[in-house]
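Shown next, in structure tokens, is the structure this report addresses.
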Amino acid sequence: MYLKIEETIVKLITEAFQKASDRDLLPPVSLPPIELQIPRDNAHGDLASNIAMKVASQARRPPAETAKVILSLIEPELNQDTEIVRIEADPRKGFINFTINPSTLHEALRVILLSPGQWGESKAGEGKTALLEFISANPTGPLTVAHGRQAAVGDVLANLMKKAGFQVDREYYLNDRGRQMKILGSSVYLRRRQLHGEELDFPGEYYQGEYIINLARGIPDDLPVAEGKKFSELSEAEAIEYCGSYASTILLGMIKEELRDFGVKMDGWVSETELVAAGDVEKVLGELAERGSTYEKDDALWFRASSYGDEKDRVLRKSGGDLTYLSSDVAYHQEKYGRGYSAILDFWGPDHHGYIARLKGSMEALGLDPGILEIVIVQLTTLYEGKKKLSMSTRQGEFISLRQVLDEVGKDAARYFFVRRRKESHLDFDLELARSQTNENPVYYVQYAHARINSIFKKYTEKTGLDLPEFGQVDLAHLREPSELEVIKKLILFPGLIESAALTRQPHLLPAYLEDLAAIFHSYYNQHRVIGEDPEMTAARLALARGVQAVIAEGLDILGISAPDSM
RNA sequence: GCGCCUGUAGCUCAGUUGGAUAGAGCACCGGAUUUCUAAUCCGGUGGUCGCAGGUUCAAGUCCUGCCAGGCGUACCA
């Protein structure tokens, strides 16, 4: 809807410049692309153009003067039936300001009312596919708060991209082999022996958390393991391996349960073990070698990462023969490329940023377009309880898990707080605030607007004994109050906001928008009564409220948060 | 040392492709409910946009240098 108005304005301006030069009012100019902006101060109209400043030197006169000429050529064409009803020229800087016809706004609102829940959809990503890989935590312990934020950012971005027309898949990469898994097995094994009364040192590099002891408790001596053998009959090496796979299976189950409670649904799970077993890793190492991107040094196999923008070369196969994490990651990402996605997004913590160059470099070395692979770095979260900073030392094993946060504040508040700030910003997450049912809590502020509107509807049907009107058929022309038009203008911005949040990978724009919209509505609510004497006016205002409710519901749905009917 | 991120009100943070007088919430002060939910609203106090240059008609936004904080700089992931 906004786009159509913008086209109209661009056309009016372009024609005006043509006329101006035809009539010798201005010298001929070659117009740069005409950009429209929404003025911060609504005394400046609904849309503004800075074109007079852009062409100042070409037109050889001050911007304000050019603006005046353009104004005089456009103004006569405006009337109550055009999309634009008013145009002004700013005498100081030279902006040209346009005011939209209320009937244009009413028609936009009607579109929302006719297909609620779909207003935010756009075609920006039409025909494009995207794969978002996030969390991908080793199944060696509970998910952390850092994973929680990555999950929320990744999941919401996936929803946003879907709204913007992309076909989206979510995936979890399971790093279920290698060194970390060995350490997990050993940690559980050692704890188990300690439980059996042995006095043993527990090395610092082992997993320290309490959960390891609980896992160890779950393995009795007579537990039947492979081929009729009992656990107590295994050799030490077999026992450690068994402990590892036993623990990771349980931990993976916990992770899956946690994701479900957090409202994240993965479309795929890719196992590193299976990737290696299928020979994908050896195959990609062969390809890199063929392309001359690897070499042997000190008994290890190296990738020439420094030829692709990394600061140094990287090891693919250690001198002992073990593969590094990088090799399977290269294979995995090559496999992702093979699936033909237009965009491949990985969500990582800031501690992995040094890894970007080598991974993108490896794709380039394989002849793939590194531009398709986007690494999204999501900054860390510090938990607070009011003013008190909570300890999150992983080494001590006393970090706060995502599970604890979920139990404390619930899914809605947790997701909301995780995406509320720019992903580049370090996040301070105050549990006390997220838990509080007060006006300080922005989640409730937005949800309350939704519930409040529902309450108006309920009141209306109770009071009048009538059903709600057919919103798409209501005469909206009664909505003429500035605050009513303000609400509609905000609703109109929604699809563009979704599109921009999706394309710039900035999910935090959505909560900010919803808080704005809720504020505009709460203010309107306190200023005007929806249910009044005049049935037509009441119907129009109910329709306006319905429009707000539909957009808030759609926005909350994208955030993966409930839209309560009452609070 | 080098690389990435950050630096905006007392606190937590927004700030669109560079645009008009830098915004919000919290905190603090003062108000609003015989009527649709006060988890709301209205008003007020509060700023060298880290510092210094540069580009531009116009810089919180772009460029350069510096300062401060976080993270990284493994044959760990």
Side-chain angles (χ1 to χ4, degrees), chain A residues 33 35 37-41 43-44 48 50 52-54 56-57 62-63 90 92-95 97 136-138 140 175 178-180 183 205 297-302 310-312 314-320 322-326 329 349-357 377 379-380 382 384 387 420-430 433 436-445 447-449 451-460 462-463 493 496-497 500 504 506 508-509 511-512 515-516 518-519 521-532 538 541-542 545 566-567:
Chain A
E35 299 158 351
Q37 52 188 289
I38 300 165
R40 194 170 38 231
D41 184 347
H44 295 136
N50 58 4
M53 289 100 103
K54 292 268 189 205
S57 61
D90 159 54
R92 283 176 38 250
K93 308 210 69 162
F95 286 100
N97 301 325
S136 295
N138 298 350
T140 54
N175 185 223
R179 185 162 166 261
Q180 300 304 323
I183 294 176
E205 73 265 25
K297 193 183 102 187
D298 305 332
D299 275 337
L301 180 69
W302 294 73
D310 201 356
E311 49 188 46
K312 55 202 260 193
R314 306 291 175 177
V315 171
L316 290 162
R317 196 200 314 272
K318 304 179 210 173
S319 50
D322 286 345
L323 295 169
T324 59
Y325 183 80
L326 177 63
D329 232 2
D351 51 336
H352 285 61
H353 80 259
Y355 201 81
I356 298 173
I377 297 294
Q379 291 294 324
L380 295 176
T382 307
Y384 286 80
K387 298 270 182 214
R420 188 156 181 253
R421 299 304 185 201
R422 295 174 68 226
K423 62 187 184 321
E424 292 84 358
S425 287
H426 187 100
L427 177 71
D428 281 348
F429 190 141
D430 183 352
L433 175 62
S436 74
Q437 300 198 1
T438 69
N439 56 354
E440 298 166 35
N441 192 332
V443 191
Y444 291 113
Y445 185 82
Q447 289 181 322
Y448 183 57
R452 183 174 239 183
I453 290 167
N454 213 65
S455 163
I456 298 171
F457 293 161
K458 205 172 145 213
K459 193 77 182 183
Y460 174 81
E462 279 172 5
K463 199 169 162 182
L493 295 178
L497 176 107
S500 149
T504 62
Q506 294 292 4
H508 77 280
L509 295 174
E515 284 170 45
D516 264 6
F521 179 75
H522 282 311
S523 174
Y524 170 71
Y525 175 92
N526 275 273
Q527 208 181 329
H528 299 287
R529 296 195 59 77
V530 172
I531 303 168
T538 300
R541 288 186 168 172
L542 285 170
S566 68
M567 290 173 73

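Order of the sequence lines fixes the chain letters, A, B, ..., with proteins taken first and strands second; residue numbering starts at 1 for each chain.
Residues His522(A) and Tyr445(A) meet the side-chain proximity criterion, which asks for heavy atoms closer than 4.5 Å. Taking the side chain as every heavy atom from C-beta outward, Glu515(A) and Arg420(A) approach each other to under 4.5 Å. Put simply, the side chain of Thr140(A) does not reach to within 4.5 Å of the side chain of Ile183(A), judged on heavy atoms. A 4.5 Å side-chain heavy-atom check between Ile453(A) and Tyr525(A) finds every atom pair outside the cut-off.
Nucleic acid contact class of Ala451(A) (heavy atoms, under 4.0 Å, all strands): base. As judged by a 4.0 angstrom heavy-atom cut-off over every strand, Ser455(A) is placed among the base-contacting residues. If you check every strand for non-hydrogen atoms under 4.0 Å, Lys459(A) touches sugar and phosphate atoms only.
Judged by distance alone with a 3.5 Å cut-off, a donor-acceptor contact links the side chain of Ser319(A) to the base of rC75(B). The base of rA14(B) does not come close enough to the side chain of Asp516(A) for any donor and acceptor atom to sit less than 3.5 Å apart. You won't find any donor-acceptor pair under 3.5 Å spanning the side chain of Asp351(A) and the base of rG72(B), going by distance alone. You won't find any donor-acceptor pair under 3.5 Å spanning the side chain of His352(A) and the base of rG72(B), going by distance alone.
rA20(B) has Phe95(A) stacked on its base ring, the centres lying under 5.5 angstrom apart and the planes within 30 degrees of parallel.
Between Lys54(A) and rA58(B) there is no side-chain polar atom (N or O) within less than 4.0 angstrom of OP1 or OP2. The side chain of Arg92(A) contributes an N or O atom lying less than 4.0 Å from OP1 or OP2 of rU21(B). Side-chain N/O atoms of Tyr525(A) include none lying less than 4.0 angstrom from OP1 or OP2 on rA39(B). For rG15(B), the OP1/OP2 oxygens have a side-chain nitrogen or oxygen of His508(A) closer than 4.0 Å. A sub-4.0 Å separation between OP1 or OP2 of rG7(B) and a side-chain N or O of Ser425(A) is absent.
Residue Asn97(A) is the one, among Asn97(A) and Lys463(A), whose nearest nucleotide of RNA chain B lies closer to the 5' end (criterion: closest heavy atom). Take the nearest nucleotide of RNA chain B for Leu380(A) and for Arg179(A): the residue whose nucleotide is more 5' is Leu380(A).
Contact record, Ser566(A) with Ala451(A): CA-CB, 3.9 Å, taken as the closest heavy-atom pair. Residues Ile377(A) and Gly349(A) approach most closely at CD1-O, 3.8 Å, considering heavy atoms.
With P as the reference atom, rG60(B) and rC49(B) are 8 Å apart, rounded to whole Å. Only the P atoms considered, rU40(B) is 8 Å distant from rC26(B), to the nearest whole Å. The C1' atoms of rC13(B) and rG7(B) are separated by 12 Å, rounded to the nearest whole Å. Separating the P atom of rA24(B) from that of rA14(B) is a span of 16 Å, rounded to the nearest Å. A gap of 15 Å separates the C1' atoms of rA52(B) and rA59(B), to the nearest Å. Comparing rG50(B) with rU6(B), their C1' atoms are spaced 11 Å from each other, to the whole Å.
For His353(A), counting side-chain heavy atoms from C-beta on, the closest listed nucleotide (rC4(B), rC13(B), rA38(B)) is rC4(B). Nearest nucleotide to the side chain of Glu311(A), out of rU73(B), rU6(B), rA20(B): rU73(B).
Between Lys312(A) atom NZ and rC75(B) atom C1' there is a gap of 10 Å when expressed in whole angstrom units.
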